[in-house]
J.: 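Starting off with a structure, shown below.
Counting begins at 1 with the first residue of the sequence. Ligands are counted one by one from 1 in listed order, and the atoms in each one are counted from 1 as well. Heavy atoms only: backbone and side chains are in, while hydrogens, waters and symmetry mates are out.
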Amino acid sequence: MKAVLFEKFQEAPRLVTVDDPSPEAHGVVLKVAATGVCRSDWHGWMGHDSDIELPHIPGHELAGVVEAVGKDVTNWKVGDKVTVPFICGCGSCSECHAGHQQVCLHQEQPGFTHWGSFAEYVGIHQADLNLVSLPESMDFATAASLGCRFATSFRAVIDQGRVSAGQWVAVHGCGGVGLSAVMIAAAAGANVIGVDLDPAKLALAQDLGAVAVINGTEADVAQAIHDITRGGAHVSLDALGHPVTMTNSILCLRPRGKHIQVGLMLGEHAAPAIPMPKIVGQEIELLGSHGMQAHRYGAMLDMVASGKLDPARLVGAQISLAEAPEALINMNKFQSVGATVITRF
Ligand SMILES: [Zn+2]
Ligand SMILES: [Zn+2]
């Protein structure tokens, strides 16, 4: 199969031909129809993820069709249209048994713990636990965007943030995760404030339901949010993963508010300084959010089917596999409006 592979961290990936994968007993092989290019792939390529063994094929935001099925798989057959969370549970640890596959103790992540979907085919482990059936009406590019950014935001806003109607929700960083969070929190009835440095992204945040936006180059972000909300946000997300957005997210909260860290903080940002006096004195909750387990996709897909959520609006450029190396290398330079998705192989 054709695949985009890198042999050293920070060295340009190449389009190469490698052997096709074959399914494990409990796994499947998918023919990849669409796969997103994500900042996490860039982190992996930079060498920030200790799970990656070289040589490596990135790619974790995928949708496709079941091509081959392992002998122990009972729920899936060749031809099924599916996606998969970027964190796949093992099915046998205590977290998986409790339904928390997103923090599985022995998790697999396509494009990190094994070869991913910047390729014509990808192998997926524990298919009965981890595959998600896609509606016929959903196009593959949209479906690919669900598995990482959109599902992560859904869990962050709905399951971790427990956002409810009338609450003020601040979203710091309006890239793919942030814009997804704006849309989801607005659909849940919250009053959403979008924060970014890029006027184009702020305009899109308003289109997607933000009632106010703040350009971080022009304002004291935390103070501006306190002014708009008359006391601070109930829930705030750092959707970017940067010490500045994380700090603003914590400082913009009202007492007993919730900060949700969604953006990854790795490399030089792995140990940020947290404003602990506010955490203690105002009983602020700090919550992480990391992907979403397959069994929660139904709720999200129902909101897509009913028209309350429209992830297709967050799909940006559609590129070919041959264009993927350049897109990956530049992922940290420009955060494009809308997710770049590989749809030609
Ligand atoms: Zn991703
Ligand atoms: Zn597990």
J.: Taking the Zn ion (ligand 1) as the vertex, how big is the angle to NE2 in His60 and SG in Cys148, rounded to 10°?
T.: 110°
J.: Angle at the Zn ion (ligand 2), SG of Cys93 to SG of Cys104, rounded to 10 degrees, please.
T.: 110°
J.: Apply ring-ring contact (aromatic ring centres under 6.0 Å, His included) to His56 and Phe118, showing your working.
T.: CA-CA 10 Å; His56 185 67; Phe118 283 18; 9.5 Å; no
J.: Starting from the Zn ion (ligand 1), look over the N/O/S atoms of Glu61 and name the nearest one.
T.: OE2
J.: Looking only at atom types and distance, does a side-chain atom of Asp41 sit under 3.5 Å from a main-chain N or O of Val37, one as donor and one as acceptor?
T.: no
J.: Within less than 2.8 Å of the Zn ion (ligand 2), any N, O or S from His97?
T.: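 So His97 does not bind the Zn ion (ligand 2) by this criterion.
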J.: Of Val262, Val195, Thr245, which meets side chain to side chain contact (heavy atoms under 4.5 Å, CB included) against Leu240?
T.: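 Looking at Val262, Val195, Thr245, the match for Leu240 under the side chain to side chain contact (heavy atoms under 4.5 Å, CB included) is Thr245.
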J.: Centre of Phe140's six-membered ring, under 6.0 Å away, within 45 degrees of the axis: is that where NZ or CZ of Lys81 sits?
T.: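 Here Lys81 passes the 6.0 Å and 45° test against Phe140.
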J.: Is the Zn ion (ligand 2) less than 2.8 Å from at least one N/O/S atom of Cys90?
T.: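 Short answer: yes, at least one N, O or S atom is under the cut-off.
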J.: Measure centre to centre between the rings of His114 and His125, then say whether the value is under 6.0 Å.
T.: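 Ring-ring flag for His114/His125: true, centres closer than 6.0 Å.
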